**Student:** 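Have a look at this one before I ask anything.
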Amino acid sequence: MFKESLLKGKRILVTGGGSGLGKEMASEYAELGAEVYICGRRQSVLDDTVSEVTNNGGKIKAYACDIRVSEAVNDMIETIWSDGGPLTGLVNNAAGNFISPTKDLSPKGFEAISNIVFRGSFYVTHACGTRWITDGVKGSVISILTTWIWNGSPFTVPSAMSKAGVNIMTKSLAAEWGHYGIRLNAIAPGPFPTKGAWERLSPGQDTDDESGSSGIPMGRNGEMQELRNLAVFLMADGCDYLTGQTIAIDGAAHLASGGNFYQGLHKLTDDDWDGIREMIRSTSDADKAKRSV
Ligand code: HXC
């Protein structure tokens with residue numbers, strides 16, 4: 001879809017770029033000539049992605065960083081700036097989420113998600129934005145949201161609240177920083193199944209199971225290349241006047257059937273939820289065992 005080397009000269013950080021949607025976008029940017037940085041909490045996962053992208057001829061480096069910690073974010077951004085100059089782009093992709101009845105959430109459960117999505121996205125955006133303003137760089141930010149920012153999402157309330165906040169950050173800073181040439185846009189994907197998300201949002205369902213796609217007018221889940229293309233379009237030169245926008249890429253799911261978890265989950269019993277909680281916890285424990293920060 002795009003000419004080779006479209007992103008040559010771009011230096012882009014993708015948070016949570018070691019896996020899932022972040023890995024897809026990071027790989028695509030590298031394939032199109034950008035120097036890519038990724039960060040995440042699991043060094044081995046980051047290392048695997050670095051090897052894969054490097055073997056395909058891409059330029060990529062990784063930093064272990066928990067974006068919930070503002071000092072760690074600042075150190076990472078400082079290191080990247082020293083490594084070869086300013087970033088030109090940032091993708092706020094790192095997220096945390098799990099389905100749960102809101103009545104069963106503890107304050108710590110709320111914080112586990114909101115500190116990654118709501119606070120972490122701000123910390124990274126602020127660390128890049130302040131440097132872009134000082135350096136006179138026309139940086140570009142893309143945040144990965146969901147369509148729930150428009151109609152809410154029962155059973156994933158901390159995520160819905162946090163992503164709605166990042167949507168408003170996108171619009172606010174597009175206006176506040178527009179005169180510096182800094183752009184902020186967002187992508188609201190529908191179902192693009194990934195292991196990390198599905199284990200927490202549809203536990204027990206395979207990522208290639210399309211049985212839930214009856215509420216999607218296009219009749220199918222999203223294909224990664226479609227998301228990769230939109231992430232490139234928004235990051236490339238040539239749409240400099242496009243800012244402050246959140247673009248849904250969901251086959252019209254949220255327009256037709258809400259695009260959230262109400263239909264699938266509102267009839268579950270407390271016993272059902274006990275089982276789901278255990279499945280999600282075992283996923284989280286396995287991931288936690290690999291964390292290096
Ligand atoms: C209720 C739960 C719970 C569950 C955890 N908690 N899982 N509560 N139901 N299933 C509670 C714990 O009991 C604890 O509170 C608190 O949350 C913190 O738990 P930790 O496991 O210690 O948290 P932490 O290690 O910080 O891990 C954060 C996480 C984890 C969000 C819980 O899942 C994570 O790291 N996820 C990253 C990857 C991810 O989530 N990817 C999916 C993104 S999908 P107490 O009070 O007991 O101490 C997405 C949207 C996709 O963003 C859109 C698709 C359409």
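Every value quoted in this text rests on a predicted model; they were computed, and no experiment measured them. In each ligand, atom 1 is the first atom listed, and ligand 1 is the first ligand listed. Both backbone and side-chain heavy atoms feed into the values below; hydrogens, waters and symmetry mates do not.
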**Student:** When you measure from the side chain of Asp272 to the backbone of Thr269, do you find a donor-acceptor pair of N or O atoms at a distance under 3.5 Å?
**Tutor:** yes
**Student:** I need the minimum non-hydrogen distance between Leu6 and Ala236, along with the two atoms involved.
**Tutor:** CD2-CB, 3.9 Å
**Student:** For Asp287, run the salt bridge (Lys or Arg N to Asp or Glu O under 4.0 Å) check against Lys195, Arg41, Arg200 and tell me which one passes.
**Tutor:** Arg200
**Student:** Step through the shown structure and confirm whether more than 12 heavy atoms of other residues, nucleotides or ligands are within 6.0 Å of CE on Met218.
**Tutor:** no
**Student:** Given Leu13, which partner from the list Ile77, Val36, Ile38 fulfils the side-chain contact (heavy atoms from CB on, under 4.5 Å) test?
**Tutor:** Ile77
**Student:** Have Asp135 and Trp81 got a donor and an acceptor in their side chains that come within less than 3.5 Å?
**Tutor:** yes
**Student:** Write out the residue and atom name of the closest protein heavy atom to atom 25 (O) of ligand 1, then the distance separating them to 0.1 Å.
**Tutor:** Arg291 NH1, 2.9 Å
**Student:** If you measure from each heavy atom of Ser159 to ligand 1, is any distance below 4.0 Å?
**Tutor:** no
**Student:** Hey, is Glu111 one of the residues with a heavy atom under 4.0 angstrom from ligand 1?
**Tutor:** no
**Student:** With respect to Trp198, determine whether any N or O atom, backbone or side chain, lies less than 3.5 Å from an N or O atom of ligand 1.
**Tutor:** no
**Student:** Side-chain donor-acceptor pair under 3.5 Å between Asn74 and Glu78, yes or no?
**Tutor:** no
**Student:** With heavy atoms under 4.0 Å as the rule, classify the contact between His254 and ligand 1 as side chain, backbone, both or neither.
**Tutor:** neither
**Student:** May I ask which of Glu278, Arg277, Lys108, Lys195 has a heavy atom nearer to atom 48 (O) of ligand 1 than the others do?
**Tutor:** Lys108
**Student:** Quick test: of every protein heavy atom, which one is nearest to atom 20 (P) of ligand 1, and how far off is it to 0.1 Å?
**Tutor:** Lys288 NZ, 3.4 Å
**Student:** Is it the case that over 12 heavy atoms from other parts of the model lie below 6.0 angstrom from the NZ atom of Lys59?
**Tutor:** no
**Student:** Relative to ligand 1, is Arg281 under 4.0 angstrom through side chain, backbone, both or neither, heavy atoms considered?
**Tutor:** side chain
**Student:** Which of the atoms of ligand 1 are close to Ser106, meaning less than 4.0 Å from one of its heavy atoms?
**Tutor:** 15 (O), 45 (P), 46 (O)
**Student:** Pick one: which of Thr125, Asn92, Asn185 meets side-chain hydrogen bond (donor to acceptor under 3.5 Å, both in side chains) with Ser143?
**Tutor:** Asn92
**Student:** Taking 4.0 Å as the limit for heavy-atom contacts, which would you say applies to Ile280 with ligand 1: side chain only, backbone only, both, or neither?
**Tutor:** side chain
**Student:** Return the minimal non-hydrogen interatomic distance between Arg228 and Glu24, and the atom names on each side.
**Tutor:** NH1-OE1, 2.7 Å
**Student:** State the atoms of ligand 1, each with its element, that fall below the 4.0 Å cut-off from a heavy-atom position in Ser284.
**Tutor:** 33 (O)
**Student:** For the backbone of Leu234 and the side chain of Arg183, can you confirm whether one donor and one acceptor N or O come within less than 3.5 Å of each other?
**Tutor:** yes
**Student:** Tell me the nearest of Gly109, Pro101, Ala95 to atom 52 (O) of ligand 1, using heavy-atom distances.
**Tutor:** Ala95
**Student:** Which of the atoms of ligand 1 are close to Lys163, meaning less than 4.0 Å from one of its heavy atoms?
**Tutor:** 52 (O)
**Student:** Consider every N or O of Trp148 and every N or O of ligand 1, then say whether any pair is closer than 3.5 Å.
**Tutor:** no
**Student:** Please list the nearest protein heavy atom to atom 51 (C) of ligand 1 with its residue and the distance rounded to 0.1 Å.
**Tutor:** Leu201 CD1, 3.8 Å
**Student:** Any N or O on Asp104 sitting closer than 3.5 Å to an N or O of ligand 1?
**Tutor:** no
**Student:** Which atoms of ligand 1 are found less than 4.0 Å from any heavy atom of Arg41?
**Tutor:** 34 (C), 35 (O), 36 (N), 37 (C)
**Student:** Are Trp273 and Phe155 close enough that their ring centres sit under 6.0 Å apart?
**Tutor:** yes
**Student:** Can you check whether Phe118's main-chain N or O pairs, donor with acceptor, with Ser121's side chain at less than 3.5 Å?
**Tutor:** no
**Student:** Any heavy atom of Glu199 sitting closer than 4.0 Å to ligand 1?
**Tutor:** no
**Student:** If you measure from each non-hydrogen atom of Ala197 to ligand 1, which part falls under 4.0 Å: side chain, backbone, both or neither?
**Tutor:** both
**Student:** Can you find an N or O of Arg68 that's nearer than 3.5 Å to an N or O of ligand 1?
**Tutor:** yes
**Student:** Among all residues two or more places apart in sequence or in another chain, which pass the side chain to side chain donor-acceptor pair (under 3.5 Å) test with Thr246?
**Tutor:** Asn167
**Student:** Considering only protein heavy atoms, which is closest to atom 2 (C) of ligand 1, and at what distance to one decimal place?
**Tutor:** Phe98 CZ, 3.3 Å
**Student:** What residue and heavy atom of the protein are closest to atom 36 (N) of ligand 1, and at what distance?
**Tutor:** Arg200 NE, 3.6 Å
**Student:** So which atom in Glu28 and which in Asn229 form the shortest heavy-atom distance, rounded to 0.1 Å?
**Tutor:** OE2-OD1, 4.4 Å
**Student:** Below 4.0 angstrom from a heavy atom of Thr146, which ligand 1 atoms are there? Numbered from 1 as shown, please.
**Tutor:** 53 (C)
**Student:** What protein heavy atom lies closest to atom 28 (C) of ligand 1? Include the residue and the distance to one decimal.
**Tutor:** Ala112 CB, 3.9 Å
**Student:** Quick test: of every protein heavy atom, which one is nearest to atom 50 (C) of ligand 1, and how far off is it to 0.1 Å?
**Tutor:** Asn97 ND2, 3.5 Å
